[in-house]
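Worksheet: the structure to be examined is printed underneath.
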Amino acid sequence: IAAGICVTGLYTNWHLKENARDHHTSKFSSKELIVRRGQAFIVTFNGTEQPEQSLTFIAETGMVPNFFHRKTNAAFTVSKESWSAVLQSTSSNSVSISISSPPNAVIGRYKLSVQTTSSGSSSPASLGTFVLLFNPWSSGDDVFMPNKAECEEYVLEEFGIIFAGNKNHINSFGWNFGQFQGDILNICLSMLDRSLNYRQDPATDVSHRNDPKYLGRVLSAMVNANDDQGVLLGNWSGNYEGGKSPSSWTGSGEILQNWKKSGFKPVRYGQCWVFAAVLTTVLRCLGIPTRTITNFSSAHDADGNLRVDEFYDASGNHLDRAADSIWNFHVWNESWFSRSDLDPSYSGWQVLDATPQEESGGIYQCGPASRNAIKEGDVDLDYDCPFVFAEVNADCMYWNYDPATGKKTLMFSKSTVIGQFISTKAVGKDDRVDVTNDYKYEEGSTKERDIFKKARKKLGLEDKFDPTAPTPQEIDQKPDISGKFKVSGPLEVGKDLNLILVLANLQSDAKTVHLNMTAWSTVYTRRPVHEIWKDSISVTLSPKEEKQFPIKISYTEYQQQLTTDNTIQVTALCHVEGGIQVLVQRDITLDNPAIDIQVLGEAKVNKEVDVEVIFTNPIDTEVMDCVLTPALGKKMNTDCLDTGCDLKGHNKSQLRRIAFKEQTKPCPAATP
């Protein structure tokens, strides 16, 4: 700035309150200036007017700043450059400057210096550091989101709802994203500096941090620990010794803090919703609009043929032999930004997935995949579009497998199973919003089938011989009977499971059917864990007849076998004499017993509040060593979520007294 200024000291006033208000960063609990790119901020420092003097400001980020090659160093004097400084005011001993960064500036922590020049030159004087974030409120930013209510929800909202369960029984639970807590911003910046990309080439990595698609991809790898000692170690075994059960986490802050406190050793353990929730926290913290998405009946297509195969033996047992799988639900992220590498029609919501399922580019990372590209079957575009397309729209093949001979026989195939009730939280409300139609055209429609064929053609699958594929004759086979399981009673832990198997003869002649039925406890990925129950019967169905067969699985039968996911898969393999086999199956999710919360007295901000937690033991056996785990959130709520207790609005130190009322059964409090 050719303004005749002489820097006289190192005092800097960052105008924290005013700048934070203007830049939507007031929620950060930091004494460091945090601003958003593409928008001016004010800084004041010691200085006096001196003729024939000018100021040059230097903003630099990264360990090896280099303006010409890496764009991590900027020296600027007047507003014609990408970085600019404008004199606001001067007084007898201070100077106020308005500094603007370009809307595509690298995000991260910057050092700001000022250099005074006259006939000669002087060394730069450090003014301190500030943090620059993405700016969804700026129209020039790649993450610009024109809807202000969505900006509030997807960047500033610290609390959310995640959906889980299965397609027949959707439940939800609260999550504290906590992106503005304590040291979370510093931890997020540390994640970037610990990535494989940074370790391999720090300067190049930092120079790419202006690009949300680059950062999203890097962070999808860093949230899991598979390749880079990232944040979370996944565990789907059902055995969580040496760590915490994934279902016990209620917020991202504790996970990220534990990662830092341990010297950046992976936190044990996470599953898909935990990975997605932590990635939501990190991306919102950095200013990228992000939300969680739950896909029910989600395909894991391990071999990339847009088809998932499931195998069952003659007894109806689901065999864990295929690399493919169909999860009851899977949670990933959508982040909002433009795609400068693609046609503008592919901008908007981008799918990112931090759950380590398949390698991409040699490491466990996924996305960003344009949601629009997924819907249109453009699976040849970056990044990981084939995998995401299969998650929501793969075809399913159900095989009978004989372990003794290795022979497999196709029982039936379905094109309408995968990708149901794709869900996210509503803006400003805790309601569920269904976004299935944003991922694919109406299931079973001609348009949806045309898109599926288009995707297979782009991947070269239409003309490629696949020795594992079913023959046209197998696909064209029509079953003689149909079947389904109906629920007949409550689906609650501690109570018997009552079902009805309904079989219908579709033919005009009688059919004899031999049924092998099984029930297994599973994890939410539908991997069988323990056999719970089995039975075999033979029935005769008259022409066009429908029969119902009641099934009861007692609590004592499943009590010791149930996993923490509370999921049971029931199957009936029907051997029809003279016809093809028919598989009937249903995935059951049991609710935990309810926990009722009542506020005792008036609740006031920043004041202790007493709550009463009421729990009724649903079983006739005393349970010992119960633990009540509060899920902390932003408001007191008497409506309990399916996964447990939701005490909102208070930190742990404020929860001084919880009164328990013993009910009719002898458990003091908690879920058995």
Side-chain angles (χ1 to χ4, degrees), residues 1 5-16 18-20 23 25 28 30-47 54-79 81-88 94-117 121-135 183-195 198-199 201-211 215 285-287:
I1 299 175
I5 305 297
C6 177
V7 177
T8 60
L10 296 179
Y11 168 76
T12 306
N13 180 358
W14 293 102
H15 298 278
L16 295 178
E18 297 85 352
N19 284 324
H23 286 254
T25 58
F28 284 104
S30 172
K31 295 182 180 179
E32 186 177 25
L33 177 66
I34 303 171
V35 291
R36 300 188 186 277
R37 64 185 190 177
Q39 185 175 338
F41 62 91
I42 304 296
V43 59
T44 300
F45 55 91
N46 296 84
S54 65
L55 295 181
T56 297
F57 291 90
I58 302 169
E60 52 190 2
T61 186
M63 294 187 65
V64 190
N66 186 320
F67 175 69
F68 296 103
H69 301 290
R70 307 299 186 187
K71 298 183 180 179
T72 57
N73 173 293
F76 49 96
T77 57
V78 294
S79 57
E81 298 183 34
S82 56
W83 282 80
S84 63
V86 177
L87 177 66
Q88 295 294 296
S94 66
V95 181
S96 290
I97 305 293
S98 173
I99 295 177
S100 296
S101 63
N104 64 344
V106 167
I107 65 102
R109 178 167 281 110
Y110 279 79
K111 300 174 184 177
L112 183 63
S113 304
V114 60
Q115 187 172 30
T116 307
T117 61
S121 62
S122 63
S123 299
S126 174
L127 297 177
T129 64
F130 66 94
V131 176
L132 192 67
L133 304 177
F134 291 100
N135 192 351
D183 203 28
I184 296 301
L185 175 57
N186 288 328
I187 295 173
C188 293
L189 296 176
S190 296
M191 289 177 66
L192 298 176
D193 290 344
R194 302 186 70 83
S195 72
Y198 183 82
R199 289 184 233 171
D201 188 344
T204 299
D205 172 73
V206 173
S207 72
H208 288 158
R209 293 182 186 178
N210 65 326
D211 185 350
L215 273 192
C285 182
L286 298 178

> Who pairs with Phe134 by ring-ring contact (aromatic ring centres under 6.0 Å, His included), at least two apart in sequence or on another chain?
Replying inline: none
> With Tyr198, which residues qualify under ring-ring contact (aromatic ring centres under 6.0 Å, His included), at least two apart?
Replying inline: none
Please name the pair of heavy atoms, one in [X] and one in [Y], separated by the smallest distance, quoted to 0.1 Å.
{"X": "Gly287", "Y": "Arg36", "answer": "CA-NH1, 3.6 Å"}
{"X": "Gln88", "Y": "Ser98", "answer": "NE2-CB, 3.3 Å"}
{"X": "His23", "Y": "Ala40", "answer": "NE2-O, 2.8 Å"}
{"X": "Thr61", "Y": "Gly108", "answer": "OG1-C, 4.3 Å"}

>> For Leu185 and Leu286: C-alpha separation, side-chain torsions, deciding distance, then whether side-chain contact (heavy atoms from CB on, under 4.5 Å) applies.
In response: CA-CA 8 Å; Leu185 175 57; Leu286 298 178; 4.2 Å; yes
>> My understanding is that only residues two or more places apart in sequence, or in another chain, count here; which of them pass side chain to side chain contact (heavy atoms under 4.5 Å, CB included) with Ile187?
In response: Asp183, Ile184, Leu256, Gln257, Trp259, Lys260
>> Going by the rule side chain to side chain donor-acceptor pair (under 3.5 Å), which residues pair with Arg209 if we only count those two or more places apart in sequence or in a different chain?
In response: Asp193, Asp205
> Looking at residues at least two apart in the chain, or sitting in another chain, which of them share a side chain to side chain donor-acceptor pair (under 3.5 Å) with Ser96?
Replying inline: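 Result, side chain to side chain donor-acceptor pair (under 3.5 Å) vs Ser96: Thr44.
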Heavy-atom distance under 4.5 Å between the side chains of [X] and [Y], does that happen here?
{"X": "Pro102", "Y": "Trp83", "answer": "yes"}
{"X": "Glu18", "Y": "Ile42", "answer": "no"}
{"X": "Leu87", "Y": "Ile97", "answer": "yes"}
{"X": "Phe45", "Y": "Leu55", "answer": "yes"}

About how many Å separate [atom2] of [Y] and [atom1] of [X], when rounded to the nearest 0.5 Å?
{"X": "Ile99", "Y": "Ser84", "atom1": "CD1", "atom2": "OG", "value": "9.0 Å"}
{"X": "Asn135", "Y": "Asn104", "atom1": "CG", "atom2": "CG", "value": "12.5 Å"}
{"X": "Cys285", "Y": "Leu189", "atom1": "SG", "atom2": "CG", "value": "7.0 Å"}
{"X": "Leu112", "Y": "Leu132", "atom1": "CG", "atom2": "CG", "value": "11.5 Å"}
{"X": "Leu215", "Y": "Met191", "atom1": "CG", "atom2": "CE", "value": "10.5 Å"}

Got a donor-acceptor contact below 3.5 angstrom from the [X] side chain to the [Y] backbone?
{"X": "Arg199", "Y": "Arg194", "answer": "yes"}
{"X": "Arg37", "Y": "Leu133", "answer": "no"}
{"X": "Thr25", "Y": "Ile34", "answer": "yes"}

>> According to salt bridge (Lys or Arg N to Asp or Glu O under 4.0 Å), does anything in residues 94-104 pair up with another residue at least two apart or in another chain? List the pairs.
In response: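 Every pair satisfying salt bridge (Lys or Arg N to Asp or Glu O under 4.0 Å) with a residue in residues 94-104: there are none.
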>> Listing request: all salt bridge (Lys or Arg N to Asp or Glu O under 4.0 Å) pairs with a residue in residues 103-115, at least two apart in sequence or in separate chains.
In response: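 Qualifying pairs, neighbours excluded: Glu32-Arg109.
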> What orientation do Trp14 and Phe41 show, parallel under 30°, tilted 30 to 60°, or perpendicular over 60°?
Replying inline: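 Tilted, since the angle between the ring planes falls between 30° and 60°.
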